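The structure appears right after this line, and notes come after that.
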Number of protein chains: 2
Amino acid sequence: MSLRHAILTLLATEPGSGYDIVQHFKQSLGYFWNAKHQQVYLELRRLSEEGWLDCQVEAQSDKPDRKVYTLTDSGMAELQRWLREPAAANKINDALLVKLYGGTLIEADNLRDELARHVDIHQQTLHSLREIEKLYLALDDAQKAQHRLPYLTLRRGILGEEAWLKWADEVAAEL
Amino acid sequence: MSLRHAILTLLATEPGSGYDIVQHFKQSLGYFWNAKHQQVYLELRRLSEEGWLDCQVEAQSDKPDRKVYTLTDSGMAELQRWLREPAAANKINDALLVKLYGGTLIEADNLRDELARHVDIHQQTLHSLREIEKLYLALDDAQKAQHRLPYLTLRRGILGEEAWLKWADEVAAEL
DNA sequence: CCTTGCATGTAACAGGTTACATGATTAT
DNA sequence: ATAATCATGTAACCTGTTACATGCAAGG
């Protein structure tokens with residue numbers, strides 16, 4: 001479990017609501033972290049109960065109230081403790097590869113369609129990551145320096161998607 | 001959940017015990033599927049209860065008894081039904097990227113060490129995948145044709161690890 | 001009128017991890 | 001002696017998903 005620490009990491013940059021965090025996961029950070037809103041709201045409550053977050057309700061005129069969470073000192077201490085701890089290598093469970101592995105048991109057309117669907121998804125992801133990269137590259141040096149590490153995670157997304165699509169080409173040629 | 005279908009896929013090629021399946025996950029298939037032995041034994045029991053697997057106890061002289069599971073006709077039907085169903089895109093939760101993202105909050109040395117540790121792991125994985133690839137490439141054409149699809153999943157592992165290491169080079173240069 | 005976005009949650013369930021448990025054989 | 005390999009499991013716990021729930025505002 002590191003959803004709680006992913007949340008603390010995001011809130012270390014700037015305070016935000018559960019909704020904000022979910023939007024981050026859905027948009028720019030989706031290539032390395034995903035969570036449903038239910039899970040996020042649950043963790044936010046727990047993190048507050050443990051004293052790692054402060055919560056302030058922000059009333060809005062035309063939209064529903066927001067609960068804005070801020071990292072506390074002990075929250076920052078916990079985050080740093082976790083950051084220093086070694087991370088386990090990522091566990092991968094890839095259903096598409098299982099399907100390809102067992103692909104001789106079904107029609108080749110089915111497999112080709114499935115691959116094409118996934119190629120579309122990965123191309124779209126790659127495209128949106130490259131758009132974000134453009135924004136970064138247009139920054140001046142001082143701003144670039146500030147977002148150096150998030151940019152490196154973005155590069156992981158880009159290189160990862162490029163490699164995936166290169167692989168898909170190999171597969172398409174064989175199928 | 002597709003652990004049950006990953007198991008059915010493996011047993012479609014040849015019957016095996018829970019232990020055999022876990023070994024597959026630990027060794028050659030670890031780059032696309034992972035599961036603990038407890039979970040595998042649990043699923044095997046459930047799959048038998050649903051009539052998708054047959055179980056035969058094989059006594060061994062010097063080693064403990066083995067429960068060898070075989071796919072039934074209805075198990076094969078279920079597997080094919082699942083294989084034809086579209087797979088959701090893979091969900092990624094990568095703690096290392098979260099740590100990199102929040103890396104400004106801790107010492108740079110810590111980050112470099114962590115990266116080096118992961119580079120080691122990925123290099124070892126890539127090495128063992130390449131060893132498996134050599135075995136495939138040495139096969140004659142008929143045998144190659146037989147293992148075409150599993151080989152394509154292996155290529156995914158190799159291209160994925162190569163891309164990961166290429167990214168790690170970029171990161172190391174920046175850190 | 002209907003859908004999307006904003007914004008938050010509860011409850012039931014499914015899936016996965018950790019701890020504990022057993023016991024023989026083989027290698028260091 | 002000690003650890004590793006083979007081989008199977010139970011129980012408690014933690015994490016994540018799905019279904020259900022509310023309610024206003026803006027846009028087509």
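In what follows, chains are A, B, ... by sequence order, proteins preceding strands, each numbered from 1. Just so you know, these numbers come straight off a predicted model, no measurement behind them.
The side chain of A/Gln39 sits closest to D/dT17 out of D/dC6, C/dT8, D/dT17. In the set D/dT8, D/dT18, D/dC6, the nucleotide with an atom closest to the side chain of A/Lys36 is D/dT18. For B/Lys67, the side-chain atoms get nearest to D/dG9 when compared with the rest of D/dT17, D/dG9, D/dA7.
Ion pairing of A/Arg66 with A/Asp20 is present here, as a side-chain N (NZ or NE/NH1/NH2) and a carboxylate O approach within less than 4.0 Å. We find that A/Arg117 and A/Asp120 are not joined by a salt bridge, their nearest charged nitrogen and carboxylate oxygen being 4.0 Å or further apart. Under the 4.0 Å criterion applied to side-chain N and carboxylate O atoms, B/Glu107 and A/Arg84 are assigned as salt-bridge partners. Using a cutoff of 4.0 Å between basic side-chain nitrogens and carboxylate oxygens, B/Arg130 and B/Glu162 are scored as salt-bridged.
Looking at which nucleotide of DNA chain D each of A/Gln38 and A/Leu3 is closest to, the 5′-most match is held by A/Leu3. Nearest-nucleotide positions on DNA chain D place B/Tyr41 closer to the 5' end than the other of A/Trp33 and B/Tyr41.
With rounding to whole Å, B/Arg46 atom CZ is found 11 Å from C/dG16 atom C1'. Taking atom CD of A/Glu43 as the reference point, atom C1' of D/dT17 lies 14 Å away to the nearest angstrom. For B/Leu42 and D/dT10, the CG to P distance is 8 Å, given to the nearest whole Å. Distance CG (A/Asn93) to C1' (D/dT15): 14 Å, rounded to an integer number of Å. In this entry the distance linking NE2 of A/His37 with C1' of C/dA7 reads 9 Å, nearest Å. Here C/dG15 presents its P atom at 11 Å from CG of B/Leu47, a figure rounded to the nearest Å. Atom OH of A/Tyr69 and atom C1' of C/dA7 are 11 Å apart (whole Å). Distance B/Arg4 CZ to C/dG15 P: 7 Å, rounded to the nearest Å.
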Could you walk me through whether B/Glu78 and B/Arg81 pass the salt bridge (charged side-chain N to carboxylate O under 4.0 Å, His left out) check? CA-CA 5 Å; B/Glu78 165 56 25; B/Arg81 187 201 62 70; 2.8 Å; yes

Test salt bridge (charged side-chain N to carboxylate O under 4.0 Å, His left out) on A/Glu50 and A/Arg46 and set out the steps. CA-CA 6 Å; A/Glu50 281 171 288; A/Arg46 285 180 191 167; over 6 Å; no

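Between the two ends of the helix from C/dC1-D/dG28 to C/dT28-D/dA1, each summarised by a five-pair axis, the helix axis turns through 40° (rounded to 10 degrees).
With values rounded to the nearest 0.5 angstrom, A/Leu96 atom CG is found 9.5 Å from A/Ile121 atom CD1.
At least one side-chain nitrogen or oxygen of A/Arg45 sits closer than 4.0 Å to the OP1 or OP2 atom of C/dT10. The phosphate of C/dA7 (OP1 or OP2) has a side-chain N or O of A/Gln60 nearer than 4.0 angstrom. Dashed line: the shortest gap from a side-chain N or O of B/Lys91 to OP1 or OP2 of D/dT17 is under 4.0 Å.
In this structure, B/Lys99 satisfies the cation-pi test against A/Trp82, with its NZ or CZ atom closer than 6.0 Å to the six-membered ring centre and inside 45 degrees of the ring normal.
Heavy-atom distances under 4.0 Å link DNA chain D to B/Ser17, B/Gly18, B/Tyr19 of residues 13-29 of chain B, given in residue order.
Between A/Trp164 and A/His122, the ring planes lie parallel to each other; the angle is under 30°, not in the 30° to 60° tilted range.
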